Amino acid sequence: MSKIDLECASCGHRAPYTQPLAACPQCSHEWFEARYPYTELRDAERWLAWRKRPFNMWRYRDLMPLRDDANIVSMGEGGTPLVRLDNLALMMGRRHLFAKDERQGPTGSFKDRQASLAVSVMKENGVNEVVVASTGNVAISYSAYCARAGIKLWAFMNSTVAGEKMREVALYGTEVIKVTGTYDQAKEVAATFAERKGLHLDKGIRSFAARESMKTLAFEMCEQLGAIYGPEVPHSPIPMRAPHWYFQSISGGLGPVGVWKGFEELREMGLIQKLPRLACIQAEGCAPIVNSFRAGLEKPQDILTPQTRIITLATGKPGAAYAPLRRAVLASNGVMEITTDEEGFRAMHVMAKMDGISMEPATGVTFAGLFKLIAAQVIKLDDVVVVNCSGHTLPVTEDLLGEGWARSVAAEGAPATAAPAPQQEGLLAALERLDARVKSVAILDDDPNAVRLLKRILQARRGAQYILYEANNGREGLDLIRRELPDMVLLDLMMPDIDGFGVLAAMKQDDRLKNIPVIVVSAKELTPVEQRRLAGQVRLLLQKGAFTDQDLVDDIQAILDQH
Ligand SMILES: [Zn+2]
């Protein structure tokens with residue numbers, strides 16, 4: 001393994017790493033950074049050897065603070081896919097949006113990286129009993145890895161953590177302690193307990209092993225982007241490329257702080273040239289880091305009673321995390337943003353319906369932040385954006401879905417329910433009723449991606465169903481409209497053969513077609529003359545890449561309802 005030094009973040013005191021230190025011998029500070037022999041690690045031969053290793057986080061073993069491979073506690077964590085968000089990109093009018101799919105870790109969150117390395121380091125240092133405070137995900141992940149390592153775990157969770165999550169923690173044999181109060185209070189109780197019992201306390205972001213694990217996210221995404229877009233540095237032994245933006249929501253702040261160090265190390269080793277911009281998002285009801293950052297404070301202002309329903313984001317006292325996060329965001333010309341819980345929930349719906357990705361509410365907040373920064377034009381057309389996408393969806397509550405998310409139909413011969421419907425109806429009648437609101441929509445667009453996006457948006461609309469017809473040029477489109485007489489037409493203006501203006505002119509001359517409402521969805525900026533030509537039958541003009549799915553379905557439904 002590489003020779004590793006520990007460096008005090010306050011006074012710079014540096015000594016070879018032999019065992020974790022509680023405090024700096026020179027200044028008593030408790031924050032250490034691991035430093036590696038970067039010049040040696042630049043060696044091309046080494047990277048070529050690394051490339052042959054399996055694609056999981058231990059591929060970057062030489063940049064992780066563990067002395068002996070025998071102590072690795074692993075379940076193949078890391079190496080998660082970088083998923084291209086094609087439908088979202090189409091909808092948002094941006095070209096390169098990706099999710100780093102951390103749902104695919106052994107317990108479904110990016111915390112598996114932390115648990116794997118932190119528990120390995122504990123094992124190496126002879127720890128056999130450990131105390132952790134958690135809003136859920138860390139406790140689940142640590143429980144799994146401690147079980148493998150034979151380490152007894154005490155998990156202190158605030159009482160707002162969902163019962164299902166607590167039961168999952170207990171399943172692994174962890175001692176579950178439910179603390180009535182906030183997460184910050186649970187942390188204090190855990191620390192007191194550990195001290196009284198003389199047990200090892202996991203220090204969260206203040207543990208360098210925990211932070212070091214998060215670097216592997218940066219290493220992986222740069223490798224994955226290098227494979228897609230080619231190396232940033234010519235003749236690099238391993239093609240790597242940093243994104244323009246890295247997005248993550250913050251609670252304790254461990255993720256972005258660790259990931260940032262990973263980018264810095266890659267630059268130090270000459271594998272990338274530019275560092276990405278960091279976007280850190282917090283929930284409005286508990287945003288001490290963002291609020292303090294925006295106020296230009298050097299020390300954070302705590303939130304004593306977090307007011308967010310997103311429990312995993314309810315860290316009100318950022319403590320030591322604030323300074324390094326602030327430094328990283330300032331250094332990267334990054335952004336700190338806030339979203340409401342509702343915006344986060346709404347983003348979960350969008351991501352599930354548009355790209356098939358169901359995520360935890362904390363990640364919903366991250367995506368809601370992305371939507372905001374795209375709307376504000378902070379994210380440019382060609383920016384490559386990676387969003388940390390963690391899993392472990394909360395057990396889906398009514399809170400998230402609202403009412404009317406399911407409709408029921410009794411199968412033939414099914415026993416009658418306690419309260420039978422006043423009017424008994426057969427299966428076929430019931431199924432027919434499900435289709436009662438069906439309307440037909442013709443989509444005329446020569447861009448197959450645009451058609452796919454519009455179809456996806458309409459298909460995902462709950463409680464209303466559409467029969468969708470499509471045509472890829474004006475002539476076919478007109479034939480289709482004459483044949484099917486749809487309830488509405490979504491029309492692109494720039495099409496080969498007969499363009500959108502021609503289609504409209506032909507519709508106006510046909511008595512059967514002249515009253516069908518038309519929505520123009522166009523990439524083209526219209527001149528005033530063109531806008532006048534569209535007046536009348538065209539009810540709405542939408543600019544491609546500049547509307548949300550909800551806007552579109554609302555508009556369509558409103559126009560159909562009037563009709
Ligand atoms: Zn020091």
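Since this is a predicted model, take the numbers as computed values, not measurements. In each ligand, atom 1 is the first atom listed, and ligand 1 is the first ligand listed.
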Practice problem: Could you check E77 against W58 for side chain to side chain contact (heavy atoms under 4.5 Å, CB included), going step by step and ending with a plain yes or no? | Solution: CA-CA 8 Å; E77 52 293 316; W58 291 96; 3.0 Å; yes
Quiz prompt | Pairs flagged by salt bridge (Lys or Arg N to Asp or Glu O under 4.0 Å) wherever residues 194-208 is involved - sequence neighbours left out | solution = E30-R206
Quiz prompt | Sequence-distant partners of R35, salt bridge (Lys or Arg N to Asp or Glu O under 4.0 Å), two or more places apart | solution = E7
Under 3.5 Å, sequence neighbours excluded: what are the donor-acceptor pairs made by side chains of residues 122-130?
unit_1 : atom_1 : unit_2 : atom_2 : d
E124   : OE1    : R67    : N      : 2.7
E124   : OE2    : R67    : N      : 3.1
E124   : OE2    : D68    : N      : 2.7
E124   : OE2    : N71    : ND2    : 2.9
N125   : OD1    : R67    : NH2    : 3.2
N125   : ND2    : V121   : O      : 2.8
E129   : OE2    : W154   : NE1    : 2.9

Quiz prompt | Heteroatom count (protein N, O or S) under 2.8 Å of the Zn ion (ligand 1) | solution = 4
Quiz item: Could you go step by step and tell me if F32 and F208 meet the ring-ring contact (aromatic ring centres under 6.0 Å, His included) rule?
Solution: CA-CA 6 Å; F32 300 95; F208 69 92; 7.3 Å; no
Exercise. Could you tell me which non-hydrogen atom of A321 sits nearest to which non-hydrogen atom of V257, and how far apart they are?
Key: O-CG2, 4.4 Å
